[in-house]
Visitor: 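Take this structure first; my questions come after.
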There are 2 protein chains.
Amino acid sequence: MPRPREFDEERVVLAVRDAFWDKGYAATSMDDLLRVSGLGKGSLYGAFGDKHRLFLRVLRDYDDANLRGLRERLAFAARGIDLVRDFLLGVADDPTGAAPRRGCLLANSTAELATSTPDVAAEARRSYDAITAILTEALERAQREGDVDPDADAAEIARAVLAAQLGLVALGRTGMDLAALTTVARSALAWLLPTPAPR
Amino acid sequence: MPRPREFDEERVVLAVRDAFWDKGYAATSMDDLLRVSGLGKGSLYGAFGDKHRLFLRVLRDYDDANLRGLRERLAFAARGIDLVRDFLLGVADDPTGAAPRRGCLLANSTAELATSTPDVAAEARRSYDAITAILTEALERAQREGDVDPDADAAEIARAVLAAQLGLVALGRTGMDLAALTTVARSALAWLLPTPAPR
DNA sequence: CATGTTGTTGACCGATCCGTCCAGAACACC
DNA sequence: GGTGTTCTGGACGGATCGGTCAACAACATG
């Protein structure tokens, strides 16, 4: 019956996501979003609602994709500890340094909006809880595989790993020297693991 | 010769700082700043320049005050390790939880603006380098005092401590349960220190 | 091909944005 | 007390903000 959409919803969400990611929520205007999405005003509002709702949609999609990726890597990881290692070292893993400088959309958004926008803070808790659960699973596997002290509290380590990663993300955003960032990541990793000698 | 100022510059900077801290840079309007400062437009622009310059002034004052406080606490600390402990546990040290939820003005600003405003990223590097230097000094003292492994690289630990603290700040901003935040801080601390049993 | 429903486009709105400017007020100095 | 300089408050400006709306286009259905 109705006229069909002329655009791919996912493409629009990704384009809009990049705009928010690069400029932040408040500094991104609806005109920016129309430009990067290529849509007219009516289409964008009709499909996603106002700026705030669109942003939350983008943020949730971003988080879900991250979590999916993390779960997938856990499923395919040779050892549980590999996921933990990648999770920390991955922050600095970009020869150009662009990714660390860009940071994480969720972390950036939380820092910008958590006070004024409870939705964003709640989304951050949801996402961080999920990440903690995945890391906990990975660490429990690592305990069974002999890579982590079996008497330690896996959930507690998981939270600490998450904190370290968030700190690395924050440091990366300052434009900190990439080698230094990698060194910090390795240090953070070394504390957690009695086992494999780095390098 | 000239007519004297009718306002206290420092009071204005503090009031403006709180406004930026609570709403972020972009979401804070000049009208907001006029309101909280109580100044007229001519006065604010005459004394501090435009919004961007005013913000940088506020941010630098904030950082300088932080660094002064840190240096002072190092000077008066009974042991070097005490400063490191306070630096980490202090993130969650507020019964109401308001301070963790508010986060750090520098961290918030870096997350919001680092991409588009190189000044802010540079200021963050400056501040974090200074903090690392202070923590390094504290850790070297702790090494001499037998609280930290003397063979460890103090500067490397300092950077890792800074990363952990930034991660805690980020977690606190999500509104995470205060007890959980304290636990994470204690865990992070425990990694670094072979010595004193926490609690 | 007629009809009905939805998508698309862009003009348009009031509000708010940041910054300039100017007329008048308040002091220091002679 | 006159004079000069700065400070003060607010009117004003052009630009941009987010959001609505109506006319038109494009399809699915019968």
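These figures come from a predicted structure and were not determined experimentally. Below, all heavy atoms of this structure are taken into account, side chains as well, without hydrogens, waters or symmetry copies.
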Visitor: What is the separation between atom CG on L54(A) and atom P on dG19(D), rounded to the nearest whole Å?
Guide: 10 Å

Visitor: Round to a whole Å and report the spacing from CG of L34(A) to C1' of dT20(D).
Guide: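 One finds 14 Å between C1' of dT20(D) and CG of L34(A), rounded.
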
Visitor: Can you find a side-chain donor-acceptor pair between D129(B) and T132(B) that sits under 3.5 Å?
Guide: no

Visitor: Counting side-chain heavy atoms from CB outward, which of dC18(C), dG19(D), dC17(C) is closest to D31(B)?
Guide: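 Minimum distance to the D31(B) side chain belongs to dC17(C).
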
Visitor: Measure CG/L44(B) against P/dC7(D) and give the value in whole Å, please.
Guide: 13 Å

Visitor: Looking at dT20(C), dC17(C), dA11(C), which one has an atom nearest to any side-chain atom of Y45(B)?
Guide: dT20(C)

Visitor: Roughly how many Å is it from NZ in K51(B) to C1' in dG19(C), rounded to a whole number?
Guide: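 Computing the K51(B):NZ to dG19(C):C1' distance gives 12 Å.
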
Visitor: Return the value, rounded to whole Å, for the distance between atom CZ of R53(B) and atom P of dG19(C).
Guide: 11 Å

Visitor: Could you check whether S43(A) gets within reach of a base, just the sugar-phosphate, or nothing at all, counting any heavy atom under 4.0 Å?
Guide: base

Visitor: Counting only side-chain heavy atoms from C-beta out, which of dG18(D), dG19(D), dC18(C) sits nearest to K41(A)?
Guide: dG19(D)

Visitor: Can you figure out which of dG18(D), dG19(C), dT8(D) approaches the side chain of D50(B) most closely?
Guide: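 The closest nucleotide is dG19(C).
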
Visitor: Indicate whether any N or O donor in one side chain lies under 3.5 Å from an N or O acceptor in the other, for T96(B) and D94(B).
Guide: yes

Visitor: Quick one: does NZ or CZ of K51(A) land under 6.0 Å from the six-membered ring centre of Y25(A), within 45 degrees of the ring axis?
Guide: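 Pair K51(A)/Y25(A) counts as cation-pi.
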
Visitor: Roughly how many Å is it from CG in L39(A) to C1' in dT9(C), rounded to a whole number?
Guide: 11 Å

Visitor: Go through the side-chain N and O atoms of N108(A) and R173(A) and say whether any donor and acceptor fall under 3.5 Å apart.
Guide: yes

Visitor: Is G46(B) touching bases, backbone alone, or none of the nucleic acid, heavy atoms closer than 4.0 Å?
Guide: nothing

